[in-house]
J.: 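This structure is in structure tokens; I'll ask about it shortly.
Here is how names work: the chains are called A, B, and so on, in the same order as the sequence lines, proteins then strands, and each is numbered from 1.
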Protein chains: 2
Amino acid sequence: MNVHIGVNGLAVTPETPKGRAPSIRDVARLAEVSHQTVSRVLNDHPSIRPETKERVLLAMETLQYRPNRAARALVTSRSHTIGVLAARSSEYGPATSIAAIEDAAREHGYYVNTANLATVTPEAITDALEHLMLQAIEGLVVIAPQVRVFDVLAAAPIGVPFVSLQSTGRSDHLALSVDQVTGARRATQHLVSLGHREIVHLAGPQDWIEAEARMRGFLDAVYDADLTLHPPILGDWSADFGYFAGRELSRTRDFTAVFAANDQMAIGLMHAFRDAGLDVPGEISVVGFDDIPVAQHVWPPLTTVHQDFREVGRRAVALLLNQVHGREVLEVEEIVPRLVVRGSSAQASGHRPRYTSVTDSA
Amino acid sequence: MNVHIGVNGLAVTPETPKGRAPSIRDVARLAEVSHQTVSRVLNDHPSIRPETKERVLLAMETLQYRPNRAARALVTSRSHTIGVLAARSSEYGPATSIAAIEDAAREHGYYVNTANLATVTPEAITDALEHLMLQAIEGLVVIAPQVRVFDVLAAAPIGVPFVSLQSTGRSDHLALSVDQVTGARRATQHLVSLGHREIVHLAGPQDWIEAEARMRGFLDAVYDADLTLHPPILGDWSADFGYFAGRELSRTRDFTAVFAANDQMAIGLMHAFRDAGLDVPGEISVVGFDDIPVAQHVWPPLTTVHQDFREVGRRAVALLLNQVHGREVLEVEEIVPRLVVRGSSAQASGHRPRYTSVTDSA
DNA sequence: CACCCCGATGTGCACGTTCACATCAGCGGC
DNA sequence: GCCGCTGATGTGAACGTGCACATCGGGGTG
């Protein structure tokens with residue numbers, strides 16, 4: 001039966017025609033079945049005799065056969081690829097989520113194709129999208145949390161389901177998000193509970209959905225606690241910006257706490273305060289957002305809001321693949337991040353912020 | 001001629017047969033040419049009349065035609081995809097390089113497919129590689145800097161050129177790397193020049209090529225300066241490990257400086273020293289490696305070795321595509337990283353390290 | 001015992017593109 | 001005026017796979 005396969009137990013690789021990679025037909029010939037049977041083995045079709053199946057598998061092994069994805073994609077018009085549209089993908093949060101997405105996708109037999117957004121101009125977005133569409137992606141995960149991206153996405157219907165990693169409030173897609181608003185509110189409430197009444201928010205760029213949500217959470221808490229509102233500062237997420245903002249802020253000193261929209265800015269901020277001779281948390285408390293790995297090791301250890309980027313990525317894939325396969329999509333529950341209290345926040349020092357206490361003592 | 005195309009200037013989309021996406025043949029029919037002519041326009045073949053070309057392009061536009069990558073890949077057996085095999089891809093360095101690779105690849109009309117290594121077991125490596133091979137990648141960039149990965153890579157010949165982002169010293173592939181040895185040597189020499197003679201190296205896992213190279217650079221410098229060698233500590237790159245290592249180290253205190261193999265560990269280290277009441281840089285100097293964005297904002301600002309991860313990624317793609325296209329590959333020049341001196345390193349404080357001074361004074 | 005159904009397998013075609021080759025008109029040279 | 005070359009285009013096949021349908025034998029059912 002398997003005369004082709006071995007001689008003296010020695011595995012002889014039968015001549016694959018030309019230099020070409022072995023195809024389903026080569027396997028079929030060797031296993032003495034039709035190519036269709038081989039195909040059935042590949043897609044484990046139920047009705048196939050175990051004996052036959054084994055013979056085919058052996059032939060595959062012998063020929064080192066590998067299915068040709070292009071051919072398969074051509075005939076099924078399914079690419080088994082999902083796209084990821086990402087901005088700032090080298091930062092800890094997005095990078096972690098992307099890695100998790102890749103892992104989860106691979107587990108489900110899917111491939112991941114990433115397109116980064118260097119800038120967020122409509123052209124760049126369209127270009128990246130075009131790139132992904134040419135890949136014939138079956139679904140899209142968007143980690144590019146600018147409102148503008150979703151405008152473009154809505155305008156140029158891409159024809160595949162997509163999931164965003166931040167709640168956009170739009171109905172044309174599902175979002176799997178961490179509840180940024182609650183996270184930010186909790187962070188602010190934490191400061192309030194420590195007796196702070198003059199709190200500044202160092203926000204992210206307002207076209208970022210997350211930045212906007214965190215700002216909203218902050219405003220909610222400020223409103224609830226009936227605090228006077230300090231105008232938020234709009235930053236760019238970077239530690240460098242945090243540093244410069246901190247330099248400016250330490251001039252006025254009409255506040256006792258700062259809630260930064262991410263850890264990087266918080267770290268830059270603390271750097272500037274240190275330079276200005278302001279003690280954190282003695283004089284000023286600082287709270288960040290994200291809980292990046294170094295957050296607990298900087299000085300002082302940063303109080304922040306922890307979010308699980310891996311979990312978000314993982315769930316996003318599950319959600320997306322459910323849609324891709326037309327399965328019932330259950331309600332999406334938001335992940336609520338948790339506050340991690342560390343050394344950078346402390347009780348407000350009885351007296352009012354400096355500039356007023358100076359006035360008072362005069 | 002183009003009666004099909006419009007009525008009253010209104011773009012009428014002619015019926016695409018069934019719900020299928022328009023194919024090259026649909027375009028051909030509309031433009032009243034053969035499908036081959038359309039193909040020629042797509043691959044801009046020289047001998048085609050401008051007039052004809054325009055007609056075809058118009059038809060494409062009208063039908064919103066998009067070439068089918070699977071079909072093209074099937075017949076040309078070229079996927080226009082490069083693979084990236086990465087470990088710890090969510091960390092700043094790798095993540096930045098990956099983003100740069102993606103950008104550069106897209107610029108060259110290539111797609112990028114990533115496979116992360118959760119663990120570095122041979123099975124995981126084989127699995128990831130298998131995943132990429134099924135994608136029919138044309139080339140591979142390896143950012144998984146464990147020696148073991150290259151063992152597996154060598155054993156399971158993948159049949160496509162690959163480039164690694166660290167110099168492995170092997171001849172089966174090109175490496176585009178930053179000269180880690182020189183970087184580490186410079187970092188150590190910096191400490192020596194400040195008068196430190198008792199320097200500990202907090203190394204990375206020794207199966208990591210970079211960790212090994214940095215260790216080598218350290219050892220070179222120690223040897224050159226004729227210092228006594230403290231046994232290096234083998235870490236895992238994480239800030240957490242740096243912290244624990246720092247705790248252990250601060251018990252003995254038989255050193256005046258530490259060179260950490262990356263910034264994260266250096267930051268954890270400084271945290272532990274602070275906890276132990278050891279002043280950095282007053283009593284102990286610390287130097288890191290990588291220059292991650294927060295390095296300059298921690299306290300004290302971290303002296304470190306800066307490397308340009310984007311540049312490495314970019315050049316890797318250029319190198320790889322040159323090989324893929326069988327072009328002449330020019331000599332690969334190593335990028336030499338540069339030392340950035342900040343606040344965490346300072347002149348050794350005249351007296352010997354504590355433990356000896358205690359002994360001396362007794 | 002005739003019938004039908006089902007499990008196991010085979011046959012041919014379609015997917016959308018490129019490649020090799022064929023065709024055909026025009027043009028210059030002898 | 002014929003030959004051959006070249007530019008512009010068309011024709012058919014092939015790439016490797018899955019799908020729809022056909023085939024064939026066996027076993028249960030009436």
J.: Given atom CG of A:Leu74 and atom P of C:dC13, what is their separation to the nearest angstrom?
T.: 17 Å

J.: Treating B:Ser97 as the side-chain partner and B:Phe309 as the backbone partner, does any N or O pair qualify as donor plus acceptor under 3.5 Å?
T.: yes

J.: Kindly indicate whether the side chain of A:Val149, heavy atoms from C-beta on, has any atom under 4.5 Å from the side chain of A:Leu117.
T.: yes

J.: Using five pairs at either end of the helix from C:dC1-D:dG30 to C:dC30-D:dG1, determine the angle between the two local helix axes and round it to 10 degrees.
T.: 50°

J.: Is there a donor-acceptor pair under 3.5 Å between the side chain of A:Arg106 and the backbone N or O of B:Asn116?
T.: yes

J.: Only one of B:Arg315, B:Arg314, B:Gln166, B:Glu311 forms a side-chain contact (heavy atoms from CB on, under 4.5 Å) with B:Leu176, so which one is it?
T.: B:Arg315

J.: Provide, to the nearest angstrom, the distance between the CE atom belonging to A:Met60 and the C1' atom belonging to D:dG16.
T.: 13 Å

J.: Could you write nucleotides 5-12 of chain C as a row of B, S and -, 5' to 3', where a protein heavy atom under 4.0 Å of any base atom gives B, of only sugar-phosphate atoms gives S, and otherwise -?
T.: --SSBBBB

J.: With a cut-off of less than 4.0 Å, is there a side-chain N or O of B:Asn43 near OP1 or OP2 of C:dT18?
T.: yes

J.: Is any side-chain heavy atom of B:Ser89 closer than 4.5 Å to one of B:Ile143?
T.: no

J.: Taking CD1 from A:Ile24 and P from D:dC15, how many angstroms apart are they, rounded to a whole number?
T.: 14 Å

J.: How many whole angstroms separate atom CZ of A:Arg69 from atom P of D:dG18?
T.: 13 Å

J.: Does any non-hydrogen side-chain atom of A:Val141 lie less than 4.5 Å from one of A:Leu165?
T.: yes

J.: Do A:Asp44 and A:Lys53 have side chains that approach each other closer than 4.5 Å (heavy atoms only, starting at C-beta)?
T.: yes

J.: Does B:Asp26 come within less than 4.0 Å of B:Arg29, counting only side-chain N to carboxylate O?
T.: yes

J.: Just compare C:dG16, D:dT17, C:dT18 and give me whichever is closest to any side-chain atom of A:Tyr65.
T.: D:dT17

J.: Take A:Tyr111 and A:Gln135 through the side chain to side chain donor-acceptor pair (under 3.5 Å) test and state the conclusion after the steps.
T.: CA-CA 11 Å; A:Tyr111 299 85; A:Gln135 264 286 44; over 6 Å; no

J.: Does a nitrogen or oxygen in the side chain of A:Ser39 sit under 4.0 Å from OP1 or OP2 of D:dG18?
T.: yes

J.: Rounded to whole Å, please give me the gap between CG in B:Leu63 and C1' in C:dG16.
T.: 15 Å

